[in-house]
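Quick note: numbers below take in every heavy atom, side chains included, and nothing from hydrogens, waters or symmetry partners. We number each residue from 1, following the sequence as shown. What you are looking at is a predicted structure, and each value in this text was computed from that prediction instead of being measured.
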Amino acid sequence: MNPSQAGPASVDRALDLLEAIARSPEPVGARPLATQLGCALSTVYHLLAPLTARGHVARTPEGYVLGPRVPGLYRSFQRHAGIDARTRGLLLDVRRAAGAHAYLSARRGGRIAVVDSTAAVTADGTDPFEVGLDHGAHATAHGKVLLAALGRSARRRYLDEHGLPRLTEHTITSPDRFEAELRRVRAAGAAVSVGETDPAYTCVAVPLADGSRALSVSLPTERFRGRRRELTRVLVRAARHGFPAASE
């Protein structure tokens with residue numbers, strides 16, 4: 001790509017660069033970034049300049065890291081997702097009552113994401129339900145709840161775009177089986193995913209009143225046995241307390 005080229009391609013490349021820096025567990029240099037993105041070193045420097053000037057990226061002696069503008073963006077994201085002190089308190093209450101980490105997920109703009117959780121941020125990405133876009137929502141309890149709430153045509157559009165990729169041997173990959181699973185979710189008012197995203201983890205979820213968000217917990221599968229009803233009751237009780245509405 002010509003370093004002076006402007007337009008959608010350069011925007012995509014800049015976002016790829018920002019995401020590569022975000023994924024890195026430590027500061028990363030321009031040359032490794034160029035290798036990751038498969039582009040010229042001059043292109044990386046050309047894109048880093050405005051990202052650094054605007055505070056999205058910062059340059060340190062060890063390499064590039066996310067910049068001071070990012071926390072403000074995240075706070076705005078939380079506000080738009082309806083996350084405030086009360087929401088955080090409810091999530092912590094769920095964690096204490098369930099003895100398992102709690103998560104708030106949302107469907108917005110045709111995508112599903114975990115928007116907040118009580119799990120600590122880990123450098124090794126050991127949490128299979130960490131905050132961020134959920135690329136395997138068909139295999140998570142919160143994803144099933146949110147997809148079950150969609151109309152059939154909207155759900156078909158989502159699945160046409162994202163598919164039903166196999167993540168573990170337990171993942172439902174048949175469209176017919178998945179539709180049957182969502183009918184069970186709607187009838188029960190809750191969803192369970194046992195080892196469908198990660199063979200070692202199980203998650204349970206219920207919808208919130210607005211239909212576009214879900215409350216869930218996750219725990220090692222070995223600790224889940226015999227606790228399905230108990231965990232569902234904890235989630236239903238918390239959901240009825242009323243989470244603040246998300247911004248449209």
Side-chain angles (χ1 to χ4, degrees), residues 81-83 87 90-91 94 98 100-117 128-199 201-219 221 224 227-246 248:
I83 300 168
T87 303
L90 286 168
L91 286 175
V94 170
H101 283 304
Y103 303 79
L104 181 64
S105 304
R107 185 189 67 248
R108 296 193 61 154
R111 298 191 176 191
I112 290 174
V114 177
V115 297
D116 200 7
S117 85
F129 312 107
E130 63 185 9
V131 171
L133 276 176
D134 188 346
H135 298 288
H138 65 292
T140 63
H142 62 261
K144 292 179 186 180
V145 162
L146 294 173
L147 290 171
L150 284 176
R152 191 175 182 86
S153 60
R155 185 164 60 254
R156 185 178 294 115
R157 286 195 298 272
Y158 180 93
L159 295 177
D160 285 346
E161 179 178 353
H162 299 278
L164 294 167
R166 184 176 298 281
L167 304 180
T168 75
E169 63 178 342
H170 304 293
T171 307
I172 299 173
T173 58
S174 160
D176 289 341
R177 282 191 59 208
F178 191 67
E179 282 298 324
E181 173 74 356
L182 296 189
R183 286 194 293 272
R184 287 191 288 271
V185 169
R186 286 190 289 272
V192 177
S193 169
V194 181
E196 295 180 45
T197 298
D198 183 309
Y201 282 86
T202 287
C203 53
V204 184
V206 300
L208 296 186
D210 56 22
S212 65
R213 294 184 297 166
L215 179 63
S216 63
V217 293
S218 78
L219 68 169
T221 298
F224 171 70
R227 300 193 63 202
R228 177 172 180 162
R229 289 184 180 179
E230 171 204 349
L231 294 173
T232 302
R233 282 196 299 270
V234 168
L235 291 169
V236 168
R237 186 164 57 245
R240 286 175 178 167
H241 275 82
F243 278 67
E248 293 298 331

For [X], run the side-chain contact (heavy atoms from CB on, under 4.5 Å) check against [options] and tell me which one passes.
{"X": "H138", "options": "L182, T173, L164, T197", "answer": "L164"}
{"X": "I172", "options": "E179, E196, R166", "answer": "E196"}
{"X": "R227", "options": "L219, V234, V217, V204", "answer": "L219"}

Rounded at 0.5 Å granularity, tell me how far [atom1] in [X] sits from [atom2] in [Y].
{"X": "R107", "Y": "D134", "atom1": "CZ", "atom2": "CG", "result": "13.5 Å"}
{"X": "F178", "Y": "R155", "atom1": "CZ", "atom2": "CZ", "result": "8.0 Å"}
{"X": "L104", "Y": "D116", "atom1": "CG", "atom2": "CG", "result": "6.5 Å"}
{"X": "F224", "Y": "C203", "atom1": "CZ", "atom2": "SG", "result": "9.0 Å"}

Give a yes or no answer on whether the side chain of T168 reaches the backbone of G195 with a donor-acceptor pair at less than 3.5 Å.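 Yes: the side chain of T168 pairs with the backbone of G195.
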
List the residues meeting salt bridge (Lys or Arg N to Asp or Glu O under 4.0 Å) with R184, not counting sequence neighbours, and say none if there are none.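 Applying salt bridge (Lys or Arg N to Asp or Glu O under 4.0 Å) to R184 gives E181.
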
Taking only residues two or more places apart in sequence or in another chain, which ones pass side-chain hydrogen bond (donor to acceptor under 3.5 Å, both in side chains) with R111?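 R111: no side-chain hydrogen bond (donor to acceptor under 3.5 Å, both in side chains) contacts found.
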
List for me each residue that meets side-chain hydrogen bond (donor to acceptor under 3.5 Å, both in side chains) alongside R229, sequence neighbours excluded, and say none if there are none.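 Result, side-chain hydrogen bond (donor to acceptor under 3.5 Å, both in side chains) vs R229: none returned.
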
Considering all heavy atoms of both residues, which atom of [X] and which atom of [Y] are nearest to each other, and what is their separation?
{"X": "A149", "Y": "G211", "value": "CB-O, 3.7 Å"}
{"X": "Y201", "Y": "F129", "value": "CB-CE1, 4.0 Å"}
{"X": "A239", "Y": "L215", "value": "N-CD2, 4.1 Å"}
{"X": "S117", "Y": "L91", "value": "N-CD1, 4.5 Å"}

Could you pull out all residues at least two apart from [X] that satisfy side chain to side chain contact (heavy atoms under 4.5 Å, CB included)?
{"X": "A191", "answer": "A141, K144, V145, V185"}
{"X": "A190", "answer": "V206, T232"}
{"X": "S174", "answer": "D176, R177"}

Quick one: are I112 and L147 in side-chain contact, heavy atoms under 4.5 Å?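 A side-chain contact exists here, since the closest heavy-atom pair is under 4.5 Å.
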
Less than 4.5 Å apart, side chain to side chain, heavy atoms only: is that true for L146 and S105?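 The answer is yes; the side chains approach within 4.5 Å.
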
We want to know whether T221 and T202 form a side-chain donor-acceptor pair, criterion being a heavy-atom distance below 3.5 angstrom.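 Yes, because at least one side-chain N or O of T221 sits under 3.5 Å from a partner of the opposite role on T202.
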
Is it true that the side chains of T140 and H142 contain a donor and an acceptor less than 3.5 Å apart?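 Their side chains do contain a donor-acceptor pair, which is all the 3.5 Å distance test asks for.
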
Flag if over 12 foreign heavy atoms under 6.0 Å of CZ, R228: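 Atom CZ in R228 is not crowded, with 12 or fewer foreign heavy atoms closer than 6.0 Å.
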
